[in-house]
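Ligands are counted one by one from 1 in listed order, and the atoms in each one are counted from 1 as well.
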Amino acid sequence: MLPDVWKRYFSEELARRDQAKLTRKLRSLRHMGSTKVQIGSHEFLNFSSNDYLGLTGDLRIAEAAASAAGRFGWGTAASRLVTGSSTLHTKLEGEVAAFRGTEAALLFGSGYQANLGVISALVGSGDTVLSDEMNHASIVAGCKLSGATVRVFKHRNCDDLERHLNGVKKGRVLVVTDSLFSVEGEAADLPRIVKLCERFNALLLVDDAHANACLGKRGRGILEIQGVNGQVPIVIGNFSKALGSYGGFVACDEMVRDYLVNHSRPFIYTTSIPIALAAANLEALKIVRREGDALRQKLATNTAFARTKLESAGFELTGNYHIIGIHASSPDEALFLGSEVEQHGVLVHPMRWPTVPEGQNCLRVSITAAHTEDDINRLAEALKKARNSISRKKTDGLTRRVSRRPTEQQLEMMTAPPVDDFDDFENLPGEAMMSAADSSRLPPPEQVAEFSEDAALPASGDTMIAEQGFPGNDKPTAPVEKTSEQAPDDGPVPESAIETPTAPVEEEIQEELPIDEPEQALPPVEAGGSGATLAPEAMELADPVIAEIEGGTRKRQRKTAKHKKSEN
Ligand code: PMP
């Protein structure tokens, strides 16, 4: 039972979000290969995923996971430093290091955990982190968790970074930036950041999540494109975007890896990823090693085609790569465009304050190698139709504002600076300071009316990049005291390849549950990735396990019951 005081708290907070039209709702989607999803009975073309190489629908990855799960089971039941470190985890780390061109790599449960675990281990109280104001929420969270002084430099502004570097008087300095920013698709100026870090003896961490495997000649992302691979000591990446799988990693020197194994609490105190996931990630890397050139070429061709198409239709675009921001003049317009496009069977994400700075509302479109020219034509047509209905329905007057307000990222970053650092916060847009706890609160009801004007339309699919943060209170946070952990050594683990696939699990299940005819015949979806053979909707409907999970028909249930009875 929830205590009354908590019940009241939850219902008031939810009501405030509702009043402000900022409530987010989860939807249940049925994934149908790389580019299509089904919501209810409707099928949509997906331009909102991070499946940049179209590998999420690649059966080879799914099969690698299935065969490893059949052999080793699913759970690992212990952290890496206890008994959760398998030969496949170690093998995957070796493959990641080879792929990224570093000495070593270390796995994390996700990209989010990698940022948390690496940043919080590298710096602590008395140190300084300099972080781009548009960095991903997981970087923001890692900075906060570290207990270091956090200073935010202006987005992609190396002059401002230099000013901050000049201002640090004591302690070690870590500079953190995304390589390819996830909303507007612009890249950081890494060569200049590398030089600044060298000059000031600062350590550089680059999160290459949106470029890993899908940009650069060898898939080494923006670092490769900008010619600084090998000059960035710490690179964060993940398997959940272009690699079509799940999990995170840091690519670095052996010494840094050893340090992290001994100091990173989010690494030490969590269960290792499933061995089957490591197998899937190995397969994804293998595919990208063999077919990456062709897939990256396809992605580049699709990106160029989409950009030309949209620009010639008069849309104002941001970025140069596969993430395309389409400018919207207000938060309402972003939402309206998003929902109108959806009416035409296409999914794109509206991004609005407080996820992005005020005035930078946009639709985030992500292009993948699995999209076809037809798909992109449909996207452009849907956007044009949406824009036409906007001009009919002009929502002027809803977007006027009194002052510029901080984004969620900025609010999250604004921990209490030491008194002598105060100047550094003056230039931040939407200057404000607040604690993590305070920033998670919505403004008092009397302020809600003011900004509810900004979002008069339903927030159906708005992305939440950083979760919380609303103006309302200005109490600073007490810095978190940093502790360092010593943990026992991770013993040497023999390397071994994945063994010949056996599929005992599948076979057993097939014996137990006879396969039904699919009830709805949906057209097959073209698979992503060059070698894929996946027509997932057909496979799912024919698969007795999936059918059961999704709530099979009475007929199926009757059959199963009959089958079970005859077994007893
Ligand atoms: N870094 C960046 C730049 C991201 O955009 C994301 C997620 N979108 C992450 C890290 C987190 O990665 P994951 O989804 O693997 O947790």
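With a 4.5 Å cut-off on side-chain heavy atoms, Thr177 and Asn135 count as touching.
A donor-acceptor distance shorter than 3.5 angstrom exists from the side chain of Arg307 to the backbone of Tyr321, with no hydrogens or angles considered. A donor-acceptor pair under 3.5 Å links the side-chain atoms of His371 to the main chain of Thr368, judged by distance alone. Here the side chain of Glu224 pairs a donor or acceptor atom with the backbone of Gly219 at under 3.5 angstrom.
Using a 4.0 Å heavy-atom criterion, the residues that approach ligand 1 are Ser110, Gly111, Tyr112, Asn115, His136, Ser138, Asp178, Ser182, Asp207, Ala209, His210, Asn238, Ser240, Lys241.
Among residues at least two apart or in separate chains, salt bridge (Lys or Arg N to Asp or Glu O under 4.0 Å) pairs with a member in residues 176-191 are Arg156-Glu186.
Between Arg289 and Glu95, at least one side-chain nitrogen of the basic residue sits less than 4.0 Å from a carboxylate oxygen of the acidic one, meeting the salt-bridge criterion.
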